[in-house]
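In what follows, chains are A, B, ... by sequence order, proteins preceding strands, each numbered from 1.
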Number of protein chains: 2
Amino acid sequence: MKLEVQIKMNPSLYLRDPEQSELGKNIINYSIQLIQKNGFEAFTFKKLAEAIGTTEAGVYRYFENKHKLLVYIISWYWDWLQFQINYRTNNLKDPIVKLKKVIKILATNVEDDVMTTHVDESLLHQILISEGSKAFLTNHVEKDNKQHFFKPYKDLCNTVGDIILECNPKYKYPHSLASTIIEMAHIQNFFMNNLPSLTDFNKTKDEVEIIKFLEDLVFKSIEK
Amino acid sequence: MKLEVQIKMNPSLYLRDPEQSELGKNIINYSIQLIQKNGFEAFTFKKLAEAIGTTEAGVYRYFENKHKLLVYIISWYWDWLQFQINYRTNNLKDPIVKLKKVIKILATNVEDDVMTTHVDESLLHQILISEGSKAFLTNHVEKDNKQHFFKPYKDLCNTVGDIILECNPKYKYPHSLASTIIEMAHIQNFFMNNLPSLTDFNKTKDEVEIIKFLEDLVFKSIEK
DNA sequence: TATTTATGATAGTAATACTATTATTTAAAA
DNA sequence: TTTTAAATAATAGTATTACTATCATAAATA
C-alpha cells in the first residue's frame, strides 16, 4: 500500500496550487532546499527558477512573492506536525505521557517522512528553527492574520494548550506555555548550535538536553 | 547636573563611530524611528538619508549595510538594559526580589531615557520585540558571532543566569532559562498584541499579565 | 478538432544595495 | 593664520532584486 498524505493549504497563500502540478511540487521541493541552504534573505525566485529549470515568471504564477511562499512551507510544516502529534499521541490516556511525547516531537530533529514525496521534513525542520519566526515578524502581520495565514500555528498551540489543561485544569497560562514550548524548542536548538553560551547544552549539542530542559520547565510549571 | 550616558559599542559594527558626530547621532535616531514605523524589511539607507537630509553615501560612510546598523542598535539596547538592571537591582540583597525586578524590567514597555538624547528607548523596545531575533537569525550568524556582535546579549543572559543561580545554586539550566525569559518577554508581548490566541492575555493587552506568567514560569522552575 | 490552460522564452521597469568620483565645507595641525 | 587633512554633500553609475507584461508553444480537455 502506498499512501500519500496531502495537506490542504490556505488558498490565499498561493496563486496556483503547487500540489496540483509537477512544476508546483518542484517549487516547494527546491524552495526548501535553497532556503535551508542559503537562508531566506538570500533566496530569490530567480535562483529558485534556475535550480528548477524554469523561469522566474513560472514561479510567479504560483506565488505572489517569496514571503507567501515562506508562509506556505512553514504552515505546511505546522499542519504536518499537527498530524504527527495527533497520530503519535493517539490512544495515549495519560496526559502527562502525552505532553512528554509532544515535547519530544517538537524538539527532535525530524527525519524525512516518506509519505510526502516533494517535501523533506528534515530540511523543513531546520528552516523552522532559523526562519520560522520571520513568517509573523513583519509589518503586515495583522493583514496576514486576517487572511488566516497563522491558523496552523494557532491550531497546534491550542492542541498543546489542551493537553496542558488535561494535566492541570487549573493552570492559568496554557496558551502562553504552549507557545513558549513551541518557540523554545526551536530557539534553544538554534542557540545550542550557534550561540551555545545562551544555553546549558554547550558540551553535548544533543537535542535530548533541550527536551530535558523543556520537560523540567513545563512539568514544574503545571504541577498541581 | 546633566549626565550623558555613553555606551561604548563594538567598533566592528560601524565604519565611523556614530556617537562622535551629529550626522552619526541622526543616523541612529532616525534609524530607530524608521525601523520601528515601517519594519526592518522596508527600511533602506536611501529613505533614512532622505529623512535625515543627507545622502545615501553619507550613511554608508557610517555603516557597511543595514544589517550591521540593526545589530548596532539592538546591541546598544542590550547594553543599556544591562546598565538599567545593574543600576536598579543594586543593593537588593534577596536574589528572588532581584530576579522579580529583572523580569519586570525585561517585560515592561520602556519609557524614553532622558540620559540618552539621540535614542528613544521606548521605540527601541518596540524594535526589539518585532525585529530583535533578526539580528542573529541569519546565515552569517557564525561570522557575526566570531566578531562578538552578540556579546551584549550574552552578557545580559549571564547576568540573569547568575541571579537564577543565586536563587537556587542547584538549578540545572540557568542560561537556557535566562534566554527563555529574555526571548519570551518579547515574543509573548508580540503575540499578545498581534496573535493574541497564542497567549492567555487577550482581554487585557497589559504587560503585567506577561510579567505574572514569566514569574510563575521562572519561580516554579527554580523552586528548591 | 477546437479550445482552453499551463508553461517557456524574452523583455522591461522600478527599487534596492551598494561603489566611485569630485567638489565643498569644516576642523585640526603646522 | 595658513596649510592640510578629514568629513560631508552632490552626483553618477552598476548589479541584483522584485516584480509585470507579452507572445509563442506544448499539453490537456471538451
Side-chain angles (χ1 to χ4, degrees), chain A residues 9 11-31 34-35 37-73 118 131 134-135 138-140 143-144, chain B residues 9 11-31 34-35 37-73 118 131 134-135 138-140 143-144:
Chain A
M9 301 295 297
S12 312
L13 285 171
Y14 53 76
L15 298 170
R16 200 196 297 301
D17 185 353
E19 296 274 353
Q20 301 305 316
S21 72
E22 268 316 296
L23 179 57
K25 285 178 188 172
N26 272 327
I27 289 174
I28 301 307
N29 190 350
Y30 283 90
S31 292
L34 289 177
I35 294 174
K37 198 174 168 200
N38 309 312
F40 184 63
E41 277 68 42
F43 172 78
T44 71
F45 277 7
K46 197 172 182 199
K47 289 176 195 165
L48 173 62
E50 270 160 27
I52 297 173
T54 181
T55 58
E56 229 182 322
V59 180
Y60 275 106
R61 263 182 232 115
Y62 281 82
F63 289 98
E64 222 179 304
N65 54 55
K66 70 173 188 168
H67 184 259
K68 286 201 177 175
L69 174 46
L70 180 71
V71 176
Y72 180 97
I73 62 170
H118 59 295
E131 320 289 345
K134 293 174 191 170
T138 68
N139 231 38
H140 44 87
K143 214 179 136 214
D144 289 358
Chain B
M9 301 295 295
S12 313
L13 285 171
Y14 52 75
L15 298 169
R16 202 194 295 303
D17 185 354
E19 295 276 351
Q20 301 305 317
S21 73
E22 269 317 296
L23 178 57
K25 285 177 189 173
N26 272 327
I27 289 173
I28 302 306
N29 190 349
Y30 284 89
S31 293
L34 288 177
I35 294 174
K37 200 175 168 201
N38 309 313
F40 183 63
E41 277 67 44
F43 171 77
T44 71
F45 277 6
K46 196 172 183 199
K47 289 176 195 165
L48 173 62
E50 270 160 27
I52 298 172
T54 181
T55 58
E56 228 182 324
V59 179
Y60 276 107
R61 256 180 251 115
Y62 282 83
F63 289 97
E64 221 180 304
N65 53 56
K66 70 173 189 169
H67 183 257
K68 285 200 176 175
L69 174 46
L70 180 71
V71 175
Y72 181 97
I73 63 170
H118 59 294
E131 321 288 346
K134 292 174 192 170
T138 68
N139 232 38
H140 44 87
K143 212 179 138 214
D144 289 358

Next item on the list: Would you give a per-nucleotide map of nucleotides 12-19 of chain C, 5' to 3', where B means the base has a protein non-hydrogen atom under 4.0 Å away, S means only the sugar-phosphate does, and - means neither?
Entry: ----SBBB

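- In this structure, the CG atom of B:L23 is 16 Å from the C1' atom of C:dT24, given to the nearest Å.
- You can see that DNA chain D meets the heavy atoms of chain A within a 4.0 Å-exclusive cut from D:dT17 to D:dA21, reading 5' to 3'.
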Check: side chain to side chain contact (heavy atoms under 4.5 Å, CB included) between B:L23 and B:R16: does it pass, once the steps are laid out?
Finding: CA-CA 11 Å; B:L23 178 57; B:R16 202 194 295 303; over 6 Å; no

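- For A:T54, a side-chain nitrogen or oxygen approaches OP1 or OP2 of C:dG8 to under 4.0 Å.
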Item checked: Chi angles and distances behind the side chain to side chain contact (heavy atoms under 4.5 Å, CB included) call for A:S31, A:Y72 -> CA-CA 11 Å; A:S31 292; A:Y72 180 97; over 6 Å; no

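- Looking at heavy atoms from C-beta onward, B:I28 lies in side-chain contact with B:F63 at the 4.5 angstrom threshold.
- Two residues are said to be in side-chain contact when any heavy atoms from C-beta on lie closer than 4.5 Å; A:L48 and A:T54 fail this criterion.
- Under 4.0 Å is where a charged nitrogen must lie from a carboxylate oxygen, and between B:E41 and A:K134 no such pair does.
- Nearest heavy atom pair, residue A:H67 against residue A:D144, reads CE1-OD2, 3.3 Å.
- Ring geometry for B:F45 versus B:F43: interplanar angle over 60°, hence perpendicular rather than tilted (30 to 60°).
- The distance from atom CZ of A:F63 to atom P of C:dT7 is 13 Å, rounded to the nearest whole Å.
- At a threshold of 4.0 angstrom between heavy atoms, the contacts of B:Y62 are confined to the sugar-phosphate backbone, with no base atom among them.
- Dashed line: the shortest gap from a side-chain N or O of A:T55 to OP1 or OP2 of C:dT10 is not under 4.0 Å.
- Side chain of B:K68 to main chain of B:L15: no donor-acceptor pair is present (N/O by atom type, distance under 3.5 Å, no hydrogens or angles).
- The side chain of A:R61 places no N or O atom within less than 4.0 Å of a non-bridging phosphate oxygen (OP1 or OP2) of C:dT5.
- The CG atom of A:D17 sits 12 Å away from the P atom of C:dA6 (whole-angstrom rounding).
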